[in-house]
Q: 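What follows is a structure written as structure tokens; I'll ask about it next.
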Amino acid sequence: MPKKIVKNIHVIPHNNGWIVRREGENRLISTHDTKQEAEKFARRIARNTRSELVIHNRDGRISSRDSYSTDPLPPREPREVLFPVLESKTDEQTIRKAVKKVIQEAQSKAANSS
Amino acid sequence: MTKVPVGFNRNVFINCPFDSLYTYLFHAIIFSIHDVGFRPRCALEASNAGQFRLNKILDIISECKYSIHDLSRTELDAKTGLPRFNMPLELGLDLGCKRFGKLHQTEKVSLILDIERFRYQKFISDISGQDIYAHDNKERKIISIVRDWLRLELDPKTTIIPSGNKIFQRYKDFQKALPALCDNLKWNPKDLPFADFSYAVAVWISENPFQ
């Protein structure tokens, strides 16, 4: 059975108060006057849904994370490389082939010189 | 329920000069953004579309959670004697989007760059309180600033990214490969289209995983 994706719970500043919302959703779960209240409420949801609680600063930056996931040691993986959404003028396959060719040439040059 | 647009949380809007004197820093920013696992976007996309430029810029701003604004080249233009207002204008549009936009857009975060850390106080003091850093016109420094700033957004328990020094070394390796790449693709190294360059960077990074 496919694993259910658990969405992180965020505590975010909004206007003069704080909101709680699920990651990737444009709908808030609750609004609060203080960060403390928002955090308490969000922590309960994160605990119940076994998700991660992500708390932001007043400037929007992430200040801390607390995981309630069932997986205590999730694997650490290198970041994913993202490609442009915009279409390039040169065909993408052509760019890909050229980059690979240049890398191979550099590698064989380095191997020959060592 | 309205969904947050796909890619919003990984898109970085670059608001900087696009002239030849700034290209070396622009390329360093693009490389750093890709190597940390984000996607660079900028107004140069607008020149590829038959759309009113300002509308296109507004669309890009609305699709990016992160934005990097470099105000280091707002001096008077040597030829016209007039200041360059595009960067401060786009910074204002971005801050406005954060303040008046949709719920997810209120989470937008901005990094402001200049040559000196507190110079902005002399010409755009209203932005105090934002993240403002000085890059001293140096690639190594701009790469580290961008990397450290974006790093905070990734979960260190699950994601590994290269250090600032490592990214700089990788960028130098990429620069060494660039002339041969331009030869292969018949690109003019002094006039690289943004999307093509960004794509080549992304391919090079994915073919060269960091150790």
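Each chain gets a letter, A, B and so on, in the order the sequences are listed, and its residues count up from 1. What you see is a predicted model, and the numbers here were worked out from it, not measured in a lab. Below, each value reflects all heavy atoms present in this structure, side chains not excepted, and no hydrogens, waters or symmetry copies.
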Q: Would the distance check show the side chain of B/Asp19 and the main-chain N or O of B/Tyr22 forming a donor-acceptor pair, the cut-off being under 3.5 Å?
A: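 Answer holds: yes.
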
Q: Taking A/His56, A/His14, A/Arg21, A/Glu52 one by one, which has the highest count of heavy-atom pairs under 4.5 Å against chain B?
A: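 Max contact count across the listed options: A/Arg21.
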
Q: Mind checking whether A/Thr49 and A/Arg44 have side chains closer than 4.5 Å, heavy atoms only?
A: no

Q: Output the option from A/Thr94, A/Val99, A/Val81 having the highest count of non-hydrogen pairs under 4.5 Å with chain B.
A: A/Val99

Q: Looking at chain B, which one of A/Glu77, A/Glu23, A/Arg61 has the largest number of heavy-atom pairs inside 4.5 Å, strictly under?
A: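 Result: the option with the highest number of such pairs is A/Arg61.
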
Q: Between B/Ile33 and chain A, which part of the residue has a heavy atom less than 4.5 Å away: side chain, backbone, both or neither?
A: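 When you check distances to chain A, no heavy atom of B/Ile33 falls under 4.5 Å.
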
Q: Let's test your reading of the structure: which of B/Ile161, B/Asp35, B/Val201 forms the most heavy-atom pairs below 4.5 Å with chain A?
A: B/Asp35

Q: So does A/Gln36 have more than 12 non-hydrogen atoms from other groups sitting under 6.0 Å from CD?
A: no

Q: Hey, are the side chains of A/Asn26 and B/Lys102 touching, using non-hydrogen atoms and a 4.5 Å cut-off?
A: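 Yes, close enough: below the 4.5 Å cut-off.
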
Q: Starting from the C-alpha separation in whole Å, work towards a yes-or-no answer on side-chain hydrogen bond (donor to acceptor under 3.5 Å, both in side chains) for A/Arg96 and B/Tyr199.
A: CA-CA 8 Å; A/Arg96 195 173 278 277; B/Tyr199 194 87; 3.3 Å; yes

Q: Identify which part of B/Asp183 has an atom lying under 4.5 Å from any heavy atom of chain A, answering side chain, backbone, both or neither.
A: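 Neither part.
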
Q: What part of A/Ala106 gets within 4.5 angstrom of chain B, counting heavy atoms only: side chain, backbone, both, or neither?
A: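 Contact with chain B: none, neither part.
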
Q: Where does A/Lys97 contact chain B at under 4.5 Å (heavy atoms): side chain, backbone, both or neither?
A: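 Neither part; nothing is under 4.5 Å.
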
Q: Which bit of A/Ile62 is near chain B, if near means a heavy-atom gap under 4.5 Å: side chain, backbone, both or neither?
A: both

Q: Can you tell me how far apart NZ (B/Lys65) and NZ (B/Lys98) are? Round to the nearest 0.5 Å.
A: 9.5 Å

Q: Please look at B/Pro209 and chain A and tell me whether the side chain, the backbone, both or neither of the residue comes under 4.5 angstrom of a heavy atom of that chain.
A: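 Answer is neither: B/Pro209 stays 4.5 Å or more from chain A.
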
Q: Under a 4.5 Å heavy-atom cut-off, does chain B meet the side chain of A/Glu92, its backbone, both or neither?
A: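 Answer is both: backbone and side chain atoms of A/Glu92 are under 4.5 Å from chain B.
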
Q: Decide if atom CZ of A/Arg22 counts as having more than 12 heavy atoms of other residues, nucleotides or ligands within a radius under 6.0 Å.
A: no

Q: Does any backbone or side-chain atom of B/Leu152 lie under 4.5 Å from a heavy atom of chain A? Answer side chain, backbone, both or neither.
A: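 Both parts, backbone and side chain.
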
Q: Quick check on B/Lys176 against chain A: is it the side chain, the backbone, both or neither that has a heavy atom closer than 4.5 Å?
A: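 Neither the backbone nor the side chain of B/Lys176 comes within 4.5 Å of chain A.
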
Q: Would one find more than 12 heavy atoms of other residues, nucleotides or ligands at under 6.0 Å from atom NZ of A/Lys35?
A: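 More than 12 within 6.0 Å, yes.
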
Q: Between B/Thr106, B/Val109, B/Asn208, B/Asp196, which has the largest tally of heavy atom pairs under 4.5 Å with chain A?
A: B/Asp196

Q: Please state whether the side chain, the backbone, both or neither of B/Trp187 comes within less than 4.5 Å of a heavy atom of chain A.
A: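 Side chain only.
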
Q: Name the region of A/Val54, side chain, backbone, both or neither, that has any atom closer than 4.5 Å to a heavy atom of chain B.
A: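 Neither part, no heavy atoms under 4.5 Å.
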
Q: Where does B/Phe38 contact chain A at under 4.5 Å (heavy atoms): side chain, backbone, both or neither?
A: backbone

Q: Going by the side-chain hydrogen bond (donor to acceptor under 3.5 Å, both in side chains) test, name the single residue among B/Gln105, B/Arg99, B/His69 that passes it with B/Asp94.
A: B/His69

Q: Measuring heavy-atom distances to chain B, does A/Ile19 have an atom under 4.5 Å in its side chain, in its backbone, in both, or in neither?
A: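 The answer is the side chain of A/Ile19.
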
Q: Compute the centroid of each ring, for B/Tyr66 and then for B/Phe13, and state whether the two points are separated by less than 6.0 Å.
A: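 No, too far apart.
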
Q: Relative to chain A, which segment of B/Asp155 carries a heavy atom at a distance below 4.5 Å: side chain, backbone, both, or neither?
A: both

Q: Taking side chain as everything from C-beta outward and backbone as N, CA, C, O, which of these in A/Ile103 sits under 4.5 Å from a heavy atom of chain B? Side chain, backbone, both or neither.
A: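 For A/Ile103, side-chain heavy atoms alone lie under 4.5 Å from chain B.
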
Q: Should we say atom CZ of A/Arg50 is surrounded by more than 12 heavy atoms from elsewhere, each under 6.0 Å from it?
A: no

Q: Examine distances only and state if a side-chain atom of A/Ser51 and a backbone atom of A/Ile9 form a donor-acceptor pair shorter than 3.5 Å.
A: no

Q: Side chain, backbone, both or neither: which part of B/Val36 has an atom under 4.5 Å from a heavy atom of chain A?
A: backbone

Q: Do the ring centers of B/Phe197 and B/Phe174 come within less than 6.0 Å of each other?
A: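 Yes, the ring of B/Phe197 comes within the 6.0 Å limit of the ring of B/Phe174, centre to centre.
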
Q: Using a cut-off of under 4.5 Å on heavy-atom pairs, state which of A/Ser67, A/Ser63, A/Ala98 scores highest against chain B.
A: A/Ala98

